[in-house]
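As a basis for the values below, the full set of heavy atoms in this structure was taken, side chains included, without hydrogen atoms, waters or symmetry mates. Below, read A as the first sequence line, B as the second, and so on, with proteins coming before strands; counting in each chain starts at 1.
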Protein chains: 2
Amino acid sequence: MNATIKDIARETNVSYATVSRAFNNKYGVRPETRARILEVAKRLNYSPNGIARGLVNKRTKSIGLLIPDITNPYFPEVARGIEEGAKEQGYSVFLCNTNWEQDRQAQYIELLAEKRVDGLVIAPVSNSVDPAQERLFNSIPVVYVDRPPQNTPCSYVVIDNIRGGFIATQHLIEAGYRKIGFIGAVEQSMPVDERLEGFRLAMERYGIAIEERDIRLGHFSQEAGTNLVREMIGAGDYPRAIFAENDLLAFGVIDGVRSMGLSVPGDVAVVGFDDIHFASFENVQLTTVCQPKYEMGKTAVRILLEEISWKEHAAMGKGRNGRHADRNVLTARAEETVNAAVCEEATGGRRVVILEPRLIVRKTSLVSHPQ
Amino acid sequence: MNATIKDIARETNVSYATVSRAFNNKYGVRPETRARILEVAKRLNYSPNGIARGLVNKRTKSIGLLIPDITNPYFPEVARGIEEGAKEQGYSVFLCNTNWEQDRQAQYIELLAEKRVDGLVIAPVSNSVDPAQERLFNSIPVVYVDRPPQNTPCSYVVIDNIRGGFIATQHLIEAGYRKIGFIGAVEQSMPVDERLEGFRLAMERYGIAIEERDIRLGHFSQEAGTNLVREMIGAGDYPRAIFAENDLLAFGVIDGVRSMGLSVPGDVAVVGFDDIHFASFENVQLTTVCQPKYEMGKTAVRILLEEISWKEHAAMGKGRNGRHADRNVLTARAEETVNAAVCEEATGGRRVVILEPRLIVRKTSLVSHPQ
DNA sequence: AACATTGTGGCAAACGTTTTCAACCCTGTC
DNA sequence: GACAGGGTTGAAAACGTTTGCCACAATGTT
């Protein structure tokens, strides 16, 4: 069907080894031979067979991206960053929605292993790693985003959730609020816990006592936000400001507050987390803690590709001498980064990037006379 | 590194042909031999090499998905539908953002061709097809979504944009409005033109004259919506209702109207198109024309996979006799579809699915006394 | 007792590349 | 005029599968 290297060889009266060399710009083929080959190739509509190529080089130039749900407005930007970084280096990415299900995640890992992807970026479903997956993690580089890996020594890039929770709360406190509530999703424990910890830290720092009933956890959905805040308000003596641990919940909270006949921010101020696109919509204007989502993806894939190329060099017996050079590039690039401080440590070869969240003040927390 | 079929063969004292047969559930291997093989395979952490497999079968069990921008809230749902349908059949999907650039799209098609994907779903950047791509389209199945292909006889699944434009406009007319404006993005011509055509059709049907200055086209962005509507209002004698040809523009329009000190829907009613997630947000409540995005994706990938399997059967010399059976399955499934009428025609082997858009009335077009 | 049949399983070719090794031709040098 | 040496090319093995064809044994048939 498709023309192969052999067809070209026959047509040009050279061996197919030469054709291969011509295509890979290998040294040792005369310019005019090369030109002739390329010309015939074009005429035959030749397209190199990446599968055959992959079989011999043992690399496919593709990576897997595991995320819970591309439909969740948080992930497309991360995915975009990953795709962008990958494409720059000629890699393609498999999009896999795990649907927040542990075993769908496992299935995909299996599938990607068979496809022999060169690496994996995972925004994990939960904190525990399926032991069946570990063998894969020994054979190809894996980088986590959004949450750190729990039982494996993989590299990861996350944000400082404690700090994020802290600055959100601090903002409310400095705006004059004292009775502040926290609303979160219970399922995806790790980041939530940290944001809550940041919340507690800030309150403590300013010497404000927390009433436990002002902290409510529920599902991860807009409706949950609405319900939780309605419960709070219904119970009386409700907080005058609420830190919702993600924007979707915050939207629900706003709905809930208004549905009780109260106003935002007049009666209740609201701060969210993530800065998904619609937080900035004129009608919403949600004060929130911005995660550098695109950068997170881009950084993750950069690290992944570096690890892939280390591995290749190592396999070629060149050892690990490229390592320090790469590290320098990394640091240099990190410093270019505009809106996020980057902090890296390299313990035992794993690399950890913690991006800084950043408060964005909009209308839902701006009020002339807080009570 | 990874165990191969030969390792298993050696360990179990059978030939590697037998191991292969055992794994593919081919007939002709004794159950106990098979069990022994599977056991050893598990012990060795064997994972079949899809690359080698792909080389001999000439299929990779992966498809490409080309969309303009996953960050645009319209696409994640389409992508989700595609991924879902693909996974059900054991296919994986490459996510490719073309970034609305014709030649980035071409680059990706080239790349995916080398990766030897079994098929392609394209939400095309523009209406013209790069001739360089045509050869690919002859060698693997391609299905278009969102917009029909222009120069190629590929199957496609789209919605009836004319009808969508019609019902949006009709809704405003029946709500009592007479002076109605249209705001659209000029770039992505095809669907915009059709929605505008639907708009004109509806106006004509109800005998309402259109003033051309009430039709404005600009960029495809929220800001454009704001600017266009501000121009309109600034010019005086502005429309009392506006049909914005997509939700992002509609959001911008709402902002723009409000920024001029007018209210939505009190002074100006607004209808959008797409029904992206945030149209239903309590604070927005945008009346809009819903596109069945998820279904669109799922239908597209179903058609694609059917075409792939036809091609395989054809290649195996079985001819096209499976074809009618598949067609029946298709029709049956189409009838299951709940919220979208499906209409298919099969002209010359190409298949065309036109899904029905559906009006969703929310607050931005509800007003007690339209003027 | 000879023969057909069925159930298992081995051999080897094929898929389209990359890459090692060796061979060849040419030019310049002694 | 033989020879070293560089530049250019070819032959063939390897990558890990699938699969068509053949062989062998056990069973059933006449």
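For B:R10 and C:dG10, the CZ to C1' distance is 17 Å, given to the nearest whole Å. Following rounding to the nearest Å, B:K115 (NZ) and C:dG16 (P) show an atom-to-atom distance of 19 Å. Rounded to whole Å, atom P of D:dG7 lies 17 Å from atom CZ of A:R34. Straight-line distance from the CD atom of A:E32 to the P atom of D:dG7: 16 Å, rounded to whole Å. Rounding to whole angstrom units, CD1 of residue B:I5 and C1' of C:dA12 are separated by 15 Å. Atom pair B:I51:CD1 and D:dT17:C1' shows a separation of 11 Å (rounding to whole Å applied). In this structure, B:I37 places its CD1 atom 12 Å from P of D:dT18, rounding to the nearest Å. Between the P atom of C:dT17 and the CZ atom of B:R53 lies a distance of 21 Å, rounded to the nearest Å.
Looking at A:R21, its side chain comes within 3.5 Å of the base of D:dG10 through a donor and an acceptor atom.
A:N13 comes within 4.0 angstrom of sugar-phosphate atoms only, judged by non-hydrogen atoms across all strands, and of no base. Across all strands shown, B:S20 has heavy atoms under 4.0 Å from base atoms, whether or not it also approaches the sugar-phosphate.
Salt bridge status for B:K61 with A:E114: absent, with no side-chain N to carboxylate O gap under 4.0 Å. Using a cut-off of 4.0 Å between Lys/Arg side-chain N and Asp/Glu carboxylate O, A:E306 and A:R302 are scored as salt-bridged. Note on A:E83 versus A:R80: salt bridge recorded, some NZ/NE/NH1/NH2 to OD/OE distance being below 4.0 Å.
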A:K298 and A:E88: salt bridge (Lys or Arg N to Asp or Glu O under 4.0 Å), yes or no, with the steps? CA-CA 11 Å; A:K298 202 140 185 211; A:E88 281 171 10; 3.2 Å; yes

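Judged by closest nucleotide on DNA chain C, B:V29 is the one of B:V29 and A:L55 placed further toward the 5' end. With the nearest nucleotide of DNA chain D identified for both B:N49 and B:K26, B:N49 has the one nearer the 5' end.
The side chain of B:Y16 contributes no N or O atom lying less than 4.0 Å from OP1 or OP2 of C:dA13. Dashed line: the shortest gap from a side-chain N or O of B:Y46 to OP1 or OP2 of D:dT17 is under 4.0 Å. Using a 4.0 Å cut-off, no side-chain N or O of A:R30 falls inside it from OP1 or OP2 of D:dG7. Proximity of B:K6 to the phosphate of D:dC15: no side-chain N or O atom is located under 4.0 Å from OP1 or OP2. In terms of phosphate contacts, A:S15 brings a side-chain nitrogen or oxygen within less than 4.0 Å of OP1 or OP2 of D:dG10. The side chain of A:T33 places an N or O atom within less than 4.0 Å of a non-bridging phosphate oxygen (OP1 or OP2) of D:dT9. Note on B:N57: every side-chain N or O is 4.0 Å or more away from OP1 and OP2 of C:dC15. In this model, the phosphate group of C:dG10 is approached by a side-chain N or O of B:T18 to a distance below 4.0 Å at OP1 or OP2.
The side chain of B:A17 has C:dC11 as its nearest neighbour among C:dC11, C:dT17, D:dT17.
Annotation: side chain of B:F75 is not in contact with side chain of B:N97 (no heavy-atom distance under 4.5 Å).
Separation of the A:Y46 and A:F23 ring centroids falls under the 6.0 Å cut-off.
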